[in-house]
Amino acid sequence: MMFRTRRLAAASVAVTAATALVAGCTSGSGGTSGASGDTLTLWTHNAGNSVELDVVKKIIKDFNGSQDTYTVKLQAFPQSDYNNSVVAAASARKLPCLLDVDGPNVANWAWGGYLSPIDVSGSEVPLSDQLTSTVGDYKDQLYAFGFYDVSLAFFARRSVLNEHDIRIPTMDKPWTRDEFDAALAKLKRSGKFAYPLEMGTGGTGEWWSYGYSPQLQSFGGDLIDRADYKSASGTLDSEKSVEWATWFRSLVAKDYMAKKSGADPNKDFLAGKSAIQWDGSWNAAKNAEKLGDDLAIIPPVDFGNGPKIGGSSWQWAMSSTCSNKEGAQEWLKFSRQTKYFTEYAKATSTIPATDAAARQIADYQPGGTFDVLVQFAREYAEVRPATPAYPYISTEFEKAAKDILAGADPKTALGQAAKDIDNNLKTNNFYSD
């Protein structure tokens, strides 16, 4: 298969990174033959995440011990280097047989020729049992699947909200925009918080699209016209999108939120520096441990078009250049056991991708401490645009949103982003095959 040379994302791939990466590959096809059978190389982004990496290692060990036909060999990379490493290896046709991919990038990697469709029929866990946000489809073909998802939520202290006579919302009755703005005004007037709201504005990269585009969508806007994925103009710079951007900027103008938050927003929230935090489920266990019953896990605000959160996280896939696709798919099928779905969720404090796994974890069972996060993922998740253009769209949205917080005119900033995205789409022939 021909690899497209167009970029995966805005960042360029350094020659030194490509050289080091290619030198480290065991073979150009991701698999070799040896005395112990066929060896399949597996790449993961988890080098800096020991708890998740340990689950990957366990699955590999169990698979290798379950049969003597294939041997899976692990190679782990730091998440910060991973995507560029994959692009470099793809350009050199040095991809491994098995690799993980961030959910929003599945369409781009499939379009780019990095991935092959997979068949996991006959595995213990049917795809139909999974949260839809954990299944990576492109053009009606399955390219990847994940063991977990994460959820966005507001976190607050019940005692603080009660002290200021602020209603604690529920899924049946989430905050409206007016309620939310009024709550922030009350908290600001109290004088107890320099910034009552913490939304992680010091973050970089995908957090901006993951964290803030659901709020844009709740206003009624979006990153691109999803009818055909051929234009952002008229959508990203629509009246509703500009309304979101104007509101987003007002949070800084009114000192409700910092233009650029600190290095550890969750630590600041737990220290009482902020009253309400917009954050991910990955910090839910830490928050509950610190605050106990005083912790309120709050649904996203309904800004007029329903509450929204981002959907999709890391998933597993097979490369298009794998010389032993049968073996790779055997590993993928083997991994699809409820016990592994459960172990991933336990180790990473993430949302299990299946109800069967959730029932085996007390906090995620119906009525459990974090069951509400499962409900958020099921009811509110908006998967980021499933188009090969998404990495470019995400980069342009981040730039525009940062400019807006810095004082740029919302309509102008979003209009420029929409034009740049449209030019990218046209340059790439709308990412058609």
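Position 1 is the first residue of the sequence; numbering continues from there. Bear in mind that the values here come from a model prediction, so they are computed numbers and not experimental data.
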*Asks:* Within the 3.5 Å criterion, strictly below it, is a donor on Asp225 or Ser231 matched to an acceptor on the partner's side chain?
*Replies:* no
*Asks:* Relative to each other, are the rings of Tyr212 and Trp208 parallel, tilted or perpendicular (30° and 60° limits)?
*Replies:* perpendicular
*Asks:* So, applying side-chain contact (heavy atoms from CB on, under 4.5 Å) with Pro117, which one of Lys139, Lys325, Gln141 is it?
*Replies:* Gln141
*Asks:* Got a donor-acceptor contact below 3.5 angstrom from the Ser123 side chain to the Lys333 backbone?
*Replies:* no
*Asks:* Strictly distance-based, threshold 3.5 Å: is any side-chain N or O of Asn108 a donor or acceptor partner for the main-chain N or O of Pro388?
*Replies:* yes
*Asks:* Determine yes or no for a side-chain-to-main-chain donor-acceptor pair under 3.5 angstrom, with Ser213 supplying the side chain and Tyr210 the backbone.
*Replies:* no
*Asks:* Answer yes if the ring centres of Phe303 and Trp175 are under 6.0 angstrom apart, and no otherwise.
*Replies:* no
*Asks:* Indicate the ring-plane relationship of Phe154 and Phe180, choosing parallel, tilted or perpendicular according to the 30° and 60° boundaries.
*Replies:* tilted
*Asks:* Taking side chain to side chain donor-acceptor pair (under 3.5 Å) as the definition, give me every residue that meets it alongside Tyr344, ordered by chain and number, with sequence neighbours left out.
*Replies:* Trp316
*Asks:* Could you walk me through whether Asn49 and Gln79 pass the side-chain hydrogen bond (donor to acceptor under 3.5 Å, both in side chains) test, one step at a time?
*Replies:* CA-CA 9 Å; Asn49 183 351; Gln79 183 172 335; over 6 Å; no
*Asks:* Okay, side chain of Ser319, backbone of Pro96: is any donor-acceptor separation there less than 3.5 Å?
*Replies:* yes
*Asks:* Would you say Arg384's side chain and Gly311's backbone share a donor-acceptor pair under 3.5 angstrom?
*Replies:* yes
*Asks:* Do side-chain atoms of Gln365 reach the backbone of Arg359 as a donor and acceptor pair under 3.5 angstrom?
*Replies:* yes
*Asks:* For the pair Phe370 and Tyr364, name the ring-plane relationship: parallel under 30°, tilted 30 to 60°, perpendicular over 60°.
*Replies:* tilted
*Asks:* Determine yes or no for a side-chain-to-main-chain donor-acceptor pair under 3.5 angstrom, with Glu330 supplying the side chain and Leu332 the backbone.
*Replies:* no
*Asks:* Check the orientation of Tyr70 and Phe63. Use parallel for under 30°, tilted for 30 to 60°, and perpendicular for over 60°.
*Replies:* parallel
*Asks:* Would you sort out whether Lys339 and Glu343 count as a salt bridge (Lys or Arg N to Asp or Glu O under 4.0 Å), showing the intermediate values?
*Replies:* CA-CA 6 Å; Lys339 64 181 180 180; Glu343 288 180 22; over 6 Å; no
*Asks:* Quick one: does NZ or CZ of Arg336 land under 6.0 Å from the six-membered ring centre of Phe147, within 45 degrees of the ring axis?
*Replies:* no
*Asks:* Donor-acceptor pair, Ser238 side chain versus Thr235 backbone, under 3.5 Å?
*Replies:* yes
*Asks:* Any chance the side chains of Ser233 and Asp422 put a donor and an acceptor closer than 3.5 Å?
*Replies:* yes
*Asks:* Could you check, using the six-membered ring where one of them is a Trp, whether Trp247 and Phe219 have ring centers closer than 6.0 angstrom?
*Replies:* yes
*Asks:* Do any N or O atoms from the side chain of Ser91 and from the backbone of Val87 form a donor-acceptor pair under 3.5 angstrom?
*Replies:* yes
*Asks:* Under the 3.5 angstrom rule, does the side chain of Glu124 hit a backbone N or O of Thr338 as a donor-acceptor pair?
*Replies:* yes
*Asks:* Can you confirm if the NZ or CZ of Lys308 lies within 45° of the ring axis of Tyr380 and under 6.0 Å from the centre of its six-membered ring?
*Replies:* no
